[in-house]
Protein chains: 2
Amino acid sequence: MATPVRGMSNRALQAERTRQQILETAQRLFAEHGYDATSIQMIADEMALTKAAVYYHFRAKSDMLHAVMKPGVQRIAALLDEADSLRGRRARIEHVVTGVVDFLVQNRSYAVMASSDPAAKRHDKDEQTTQLARRALALIYGEQPTPAERISFAAAFAIADHLPDLVDLTDEQLREALRTTMLRILR
Amino acid sequence: MATPVRGMSNRALQAERTRQQILETAQRLFAEHGYDATSIQMIADEMALTKAAVYYHFRAKSDMLHAVMKPGVQRIAALLDEADSLRGRRARIEHVVTGVVDFLVQNRSYAVMASSDPAAKRHDKDEQTTQLARRALALIYGEQPTPAERISFAAAFAIADHLPDLVDLTDEQLREALRTTMLRILR
DNA sequence: GTCTATATATAGATAGAC
DNA sequence: GTCTATCTATATATAGAC
């Protein structure tokens with residue numbers, strides 16, 4: 001359903017393309033205005049479609065939010081799996097930080113919405129993102145982190161919310177500064 | 001208008017009390033659901049009032065947002081003024097961090113909304129909060145901060161967004177851990 | 001696959017009685 | 001100061017033509 005597959009009809013391929021374009025537009029507008037302040041109408045207008053056309057591809061607005069978040073959640077989950085299989089705490093931290101930084105640099109706007117939009121928390125019923133955060137925290141500081149460790153962890157990854165303040169940096173500047181700073185904060 | 005004053009009539013005093021209660025309710029709901037997802041109806045229901053009664057005290061929903069944010073903005077601005085008058089960078093950082101930490105501990109929910117709700121940015125037309133952040137950044141790192149310094153700054157103060165994850169801490173635990181961690185991040 | 005048209009709900013906001 | 005009633009706009013969402 002979500003992934004293009006060989007053997008699809010032309011119509012199905014076109015539909016898949018449209019679906020992806022809707023998701024890209026939605027992601028951009030969610031990041032810019034917030035989920036709640038983004039209407040289906042705005043998404044449709046932006047793409048020169050009608051609301052009904054958008055509803056053909058998504059049964060509900062909240063499905064768009066889930067679809068937009070999904071790749072990021074999967075990416076981070078995979079990253080934690082990889083880190084789990086590494087030996088040594090230092091190596092684990094390095095792996096997670098490097099992976100997260102790469103992701104942030106490649107998805108500058110996405111991350112903002114995912115981590116700070118009230119709607120993201122509201123619709124995260126099975127607490128996927130909360131559980132990812134818990135896993136990452138345990139991976140780095142163990143099962144009984146101190147208050148100061150929990151706060152360091154929060155600070156390091158909360159940087160994602162402030163990427164818009166750093167638009168003037170090139171990808172390389174951002175990557176380097178993010179990596180150094182996050183590693184320093186996490187010790 | 002905003003502050004209770006000796007010599008007000010009983011009716012005016014009652015109105016002022018109601019106004020304050022509306023603001024407290026609004027602040028709580030804004031922090032919990034986000035500004036956009038909080039309707040006047042929800043605020044009215046919570047207080048056993050009618051929508052029209054709420055509109056008697058505030059001409060528009062956005063006025064409530066401004067009123068809710070105002071004390072925090074003023075508090076931080078005053079803090080920066082004080083820090084400006086101090087000599088020595090270390091002393092300035094200490095003063096700002098101590099003041100911000102006190103404020104965060106005393107207003108655990110407030111800060112979340114103010115710093116991360118999309119509506120807060122959208123309605124911040126004269127960029128009050130943006131300018132406060134710029135002032136604080138310059139105060140700590142000077143007029144030409146490096147990318148890494150800007151990121152450290154963002155990380156230190158972005159902790160505010162994650163206070164809900166720390167509800168289990170007592171005020172004293174939170175204050176101590178916040179202070180230590182923020183100072184460490186800012187060096 | 002995309003449209004027009006519409007159902008339904010609820011938002012923010014106002015007028016005017018009491 | 002608070003109410004009832006209502007306006008207007010817009011939201012999400014659906015039915016059914018093409």
Side-chain angles (χ1 to χ4, degrees), chain A residues 1-2 4-5 7-26 29-30 32-68 117-120 122-123 125, chain B residues 1-2 4-5 8-27 29-30 32-68 117-120 122-123 125:
Chain A
M1 195 121 83
V5 163
M8 285 173 111
S9 68
N10 282 344
R11 257 172 110 86
L13 277 175
Q14 180 55 41
E16 185 51 38
R17 243 174 260 144
T18 305
R19 196 190 133 95
Q20 286 304 322
Q21 284 165 5
I22 291 174
L23 280 183
E24 284 164 30
T25 306
L29 294 179
F30 289 167
E32 188 176 342
H33 308 288
Y35 173 83
D36 290 316
T38 303
S39 66
I40 310 275
Q41 189 66 248
M42 287 165 72
I43 296 170
D45 287 351
E46 193 94 354
M47 301 188 60
L49 288 180
T50 59
K51 272 197 293 185
V54 175
Y55 272 105
Y56 172 79
H57 296 277
F58 298 91
R59 356 171 55 160
K61 189 189 174 188
S62 60
D63 285 2
M64 282 193 263
L65 181 62
H66 285 125
V68 163
D117 197 304
R122 191 172 354 116
H123 282 104
K125 299 222 173 178
Chain B
M1 196 119 85
V5 164
M8 284 174 111
S9 68
N10 282 344
R11 257 171 110 88
L13 277 173
Q14 180 54 42
E16 186 49 38
R17 243 173 261 143
T18 304
R19 196 190 133 95
Q20 285 305 322
Q21 283 165 6
I22 291 174
L23 279 184
E24 284 163 31
T25 306
Q27 176 172 323
L29 294 179
F30 289 168
E32 188 177 341
H33 308 288
Y35 173 83
D36 290 316
T38 303
S39 66
I40 310 276
Q41 189 66 249
M42 288 165 71
I43 296 171
D45 288 350
E46 192 95 353
M47 302 186 60
L49 289 180
T50 59
K51 271 199 292 184
V54 175
Y55 271 106
Y56 172 78
H57 296 277
F58 297 91
R59 354 171 58 156
K61 188 188 174 188
S62 59
D63 285 2
M64 282 192 266
L65 180 61
H66 285 125
V68 162
D117 196 304
R122 190 171 355 114
H123 282 104
K125 298 220 172 179

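Every chain is numbered from 1, with letters handed out A, B, ... down the list of sequences.
Separating the OH atom of Tyr56(B) from the C1' atom of dT2(D) is a distance of 9 Å, rounded to the nearest angstrom. Spacing between atom NE2 of His123(A) and atom C1' of dT12(D) amounts to 12 Å, rounded to whole angstrom units. Between the P atom of dG12(C) and the CG atom of Asp36(B) lies a distance of 9 Å, rounded to the nearest Å. Atom CE in Met64(A) sits roughly 13 Å away from atom P in dA11(D) (whole-Å rounding). Rounded to whole Å, the distance from CD on Glu16(A) to P on dT2(C) is 13 Å. Rounded to a whole Å, the OH atom of Tyr55(B) is 7 Å from the P atom of dT14(C). Computed from coordinates, the Arg19(A) CZ to dT2(C) P distance equals 14 Å when rounded to whole Å. Rounded to whole Å, atom C1' of dA11(D) lies 8 Å from atom NZ of Lys61(A).
Listed for the Lys51(B) side chain is no donor-acceptor partner under 3.5 Å among the backbone atoms of Ser39(B). Tyr35(B) places a side-chain N or O within 3.5 Å of a backbone atom of Ser62(B) that can act as its donor or acceptor partner.
In this structure, Ile43(B) and Ile22(B) approach most closely via the heavy-atom pair CG2-CG2, 4.3 Å. Nearest approach of Val54(A) to Ala44(A), heavy atoms of both residues: CG2-CB, 4.0 Å.
Interface residues of residues 38-53 of chain A facing DNA chain C, ordered by number: Thr50(A), Ala52(A), Ala53(A); criterion, heavy-atom separation under 4.0 Å.
Between the side chains of Gln20(B) and Glu16(B), a donor-acceptor pair is found at a separation under 3.5 Å.
Inter-residue side-chain proximity for His57(A) and Met64(A) is flagged as unmet; no heavy-atom pair is nearer than 4.5 Å.
Residue-level contact check: Ala37(A) touches neither bases nor backbone, having no heavy atom under 4.0 Å from any strand.
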